[in-house]
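All residue numbers in this chain count up from 1 along the given sequence.
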Amino acid sequence: MITDPDLVNNPAKVTEVLKRDGNLDALGLRPDPENVDRSTRRTAATEDPGYGVDSAQFDRGAKPENPYQYIEYPDCRANDDAARPIGWIKNRFSYCQKFLFPISYYDVTTGLTSTATIQNTIIGYGKIGPYPGNPTRRFADFRFTAQVLEPNGIFLDPRSEMEIAVKCAGEYRVDIGIDNDRACYPNSALERHDKSFIGWGLDPQAHYELFSEGQSPSVQYGEQLAQGVFHFEYDFDFPGVNTDPTKKTYEGGLRFDSAYYLWDKQGSIFDRAVPGIAYSKSDPKVARHAVFVDEARTNPGASWPPKAGKRLLGGSPLHADSLHRVAVAKGHDIIRDRNRATARDVCYTRPNMPPALPEEGPDVDCDEYSYATTYEGAAGWRDPGGVFDPNKYRDEFAVRLVNRAHNQEAGNRLNSFYQTHRILDVDRLIPPWNQELDPNDQERFWVPITP
């Protein structure tokens, strides 16, 4: 399976060598009969790439008109990131992967080698809301395009067939009374597609769906998180002795939830990328907030309150530099309120607070970073140690008197981002619960600042 962007984008290089030699040794490529390189073990140390969504999409804190922003086929083909083993995750709902699959068949009776190259494009669609007609089922779907390039010999025989099936191994992070085999499984009506190579050439597209069962959203069952690891498998049937074993694509990750505190209670997302909300310094509605965050993170020691060695997180998607949501609806209003009270105390009662800059205008608010709705907020309750030792993260935040309208609009957009991109509160202050809900710290986000 080839993921080198130069070859994926120029399949003629592969087909030429394959037809000439019957193998790809000249390109330094060897067969992988055991699919040994297709699985990627996920751990707490795995650093996934980040993406940023323009906060203007969440204008006035409203639900976006098009929350998905799905990848279109030409966009997937044009993006080199799609050739990576993890694919390209444009956002939590939009996934694609492209690769080449060269096949050769040696006929032991004739001594002849036949070849074909499959140009594959997989586009995945995460979903907001339940499966139509089933109020507790979560789902995602995929469009698979398998174009057969330069087939010859036995691949032109109508009896030569290729089946492509979707597979998913799933488990519930917390027991909700449903067997793990229902955590992620294919819609049986769309599980596999079998056509001759000629048939795939005439109609290269196939549709697949993955399901995840849940209970009715409620406090009793919590977020109902189900983790799925999916891939696609190829099986071949030739008129004669079959020489090719089953092949599989690289694995991808899905997360299903039924979080009762989100606007839309059920959903599915592609979880191998870190979501971010991007505030622009040129956005007329939030520019002053963006400037504040940018300047504070660029020079934390100069931000208010002053503290040598201060670290302000959220500037990258790395584990050690990201943020985690606090959801008031989970009964965590005390964390938000303590964050907010700590920040306002510094703004309005601590001596020598810098005055508002002229650019802020006459009406200002106490703006804070990190946000009151994060565990990394002003109270310092990032972890249990921060709760028991008030000095552990003391003054590890920044405040500034910022234009009131910009501050409030930034907060409204942040809430809509949480809701739309299914940012969950995974109980950071209760380690056993947090370890169950989020063992690999995938429920984090970041805040890119753009020009």
Side-chain angles (χ1 to χ4, degrees), residues 63-64 66-71 87 89 91-96 122-144 164-193 205-233 251-273 275 327 329-330 418-426 436-439 442-443:
K63 185 184 294 188
N66 177 13
Y68 295 121
Q69 302 292 314
Y70 283 141
I71 297 169
I89 301 178
N91 62 54
R92 283 192 144 189
F93 306 107
S94 192
Y95 161 93
C96 82
I122 306 169
I123 300 181
Y125 306 87
K127 298 294 181 177
I128 297 172
Y131 190 70
N134 189 321
T136 59
R137 175 177 292 165
R138 298 81 65 90
F139 74 110
D141 69 19
F142 297 84
R143 307 292 167 150
F144 196 122
I164 304 176
V166 66
K167 307 290 183 181
C168 190
E171 66 176 350
Y172 294 97
R173 292 190 186 167
V174 178
D175 182 13
I176 60 170
I178 301 176
D179 290 340
N180 275 333
D181 62 3
R182 311 307 278 174
C184 184
Y185 68 99
N187 176 350
S188 59
L190 299 171
E191 181 176 0
R192 58 189 72 249
H193 295 269
Q205 296 186 338
H207 178 207
Y208 302 86
E209 289 181 333
L210 291 176
F211 291 161
S212 176
E213 302 302 330
Q215 304 284 5
S216 294
S218 68
V219 174
Q220 175 186 358
Y221 292 109
E223 288 83 357
Q224 303 187 48
L225 289 167
Q227 188 76 43
V229 178
F230 67 87
H231 68 272
F232 293 82
E233 287 187 359
E251 294 176 344
L254 270 172
R255 190 212 75 198
F256 302 92
D257 74 84
S258 299
Y260 63 92
Y261 51 84
L262 295 181
W263 286 339
D264 296 285
K265 308 307 180 189
Q266 293 100 341
S268 64
I269 57 103
F270 295 96
D271 63 1
R272 298 190 177 186
K330 287 192 74 170
Y418 288 157
Q419 297 284 349
T420 304
H421 283 252
R422 312 197 71 78
I423 311 297
L424 303 180
D425 180 336
V426 289
E436 278 192 323
L437 287 170
D438 192 21
Q442 291 177 276
E443 301 300 330

Interatomic spacing from [atom1] in [X] to [atom2] in [Y] - rounded to 0.5 Å:
X: L190; Y: E209; atom1: CG; atom2: CD; answer: 5.0 Å
X: E251; Y: C168; atom1: CD; atom2: SG; answer: 9.5 Å
X: R422; Y: E443; atom1: CZ; atom2: CD; answer: 10.5 Å
X: L210; Y: E191; atom1: CG; atom2: CD; answer: 9.5 Å
X: I269; Y: N91; atom1: CD1; atom2: CG; answer: 10.0 Å
X: Y125; Y: F93; atom1: OH; atom2: CZ; answer: 15.0 Å

Short side-chain to backbone donor-acceptor contact, [X] and [Y], under 3.5 Å:
X: S258; Y: P217; answer: no
X: Q224; Y: Q215; answer: yes
X: Y208; Y: F232; answer: no
X: Q227; Y: R173; answer: no
X: Y95; Y: R272; answer: no
X: N187; Y: A189; answer: yes

Pairs where residues 217-232 contributes a residue and the test salt bridge (charged side-chain N to carboxylate O under 4.0 Å, His left out) is met, not counting sequence neighbours: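 The answer is E223-K330.
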Within residues 131-140 or reaching into it, pairs that qualify as salt bridge (charged side-chain N to carboxylate O under 4.0 Å, His left out) - sequence neighbours excluded: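 Output for this query lists R137-E213.
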Pair Y68 and Y70, ring centroids less than 6.0 Å apart: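 Centroid distance Y68-Y70: below 6.0 Å, so yes.
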Y172 ring center near Y221 ring center (under 6.0 Å):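 Aromatic pair excluded; centres sit 6.0 Å or further apart.
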Shortest non-hydrogen contact from P67 toward T420: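 Looking at all heavy atoms of both residues, the shortest contact is CB-CG2, 3.5 Å.
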Closest contact, heavy atoms only, S268 versus F256: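 Reported closest heavy-atom pair: CB-CD2, 3.5 Å.
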E233 and H231 side chains, donor-acceptor separation under 3.5 Å: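 Short answer, yes.
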Steps toward side-chain hydrogen bond (donor to acceptor under 3.5 Å, both in side chains) verdict (Q205, R143): CA-CA 7 Å; Q205 296 186 338; R143 307 292 167 150; over 6 Å; no
Check against side-chain contact (heavy atoms from CB on, under 4.5 Å), L262 and L424: CA-CA 9 Å; L262 295 181; L424 303 180; 3.9 Å; yes
Parallel, tilted or perpendicular: rings of F270 and F230 (30°, 60°):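 F230 vs F270 ring planes: perpendicular.
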Ring pair (Phe, Tyr, Trp, His ring centres under 6.0 Å) evaluation trace for Y185 with F211: CA-CA 5 Å; Y185 68 99; F211 291 161; 5.8 Å; yes
Set of side chain to side chain donor-acceptor pair (under 3.5 Å) partners for N134, sequence neighbours left out: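 N134 satisfies side chain to side chain donor-acceptor pair (under 3.5 Å) with T136 once adjacent residues are dropped.
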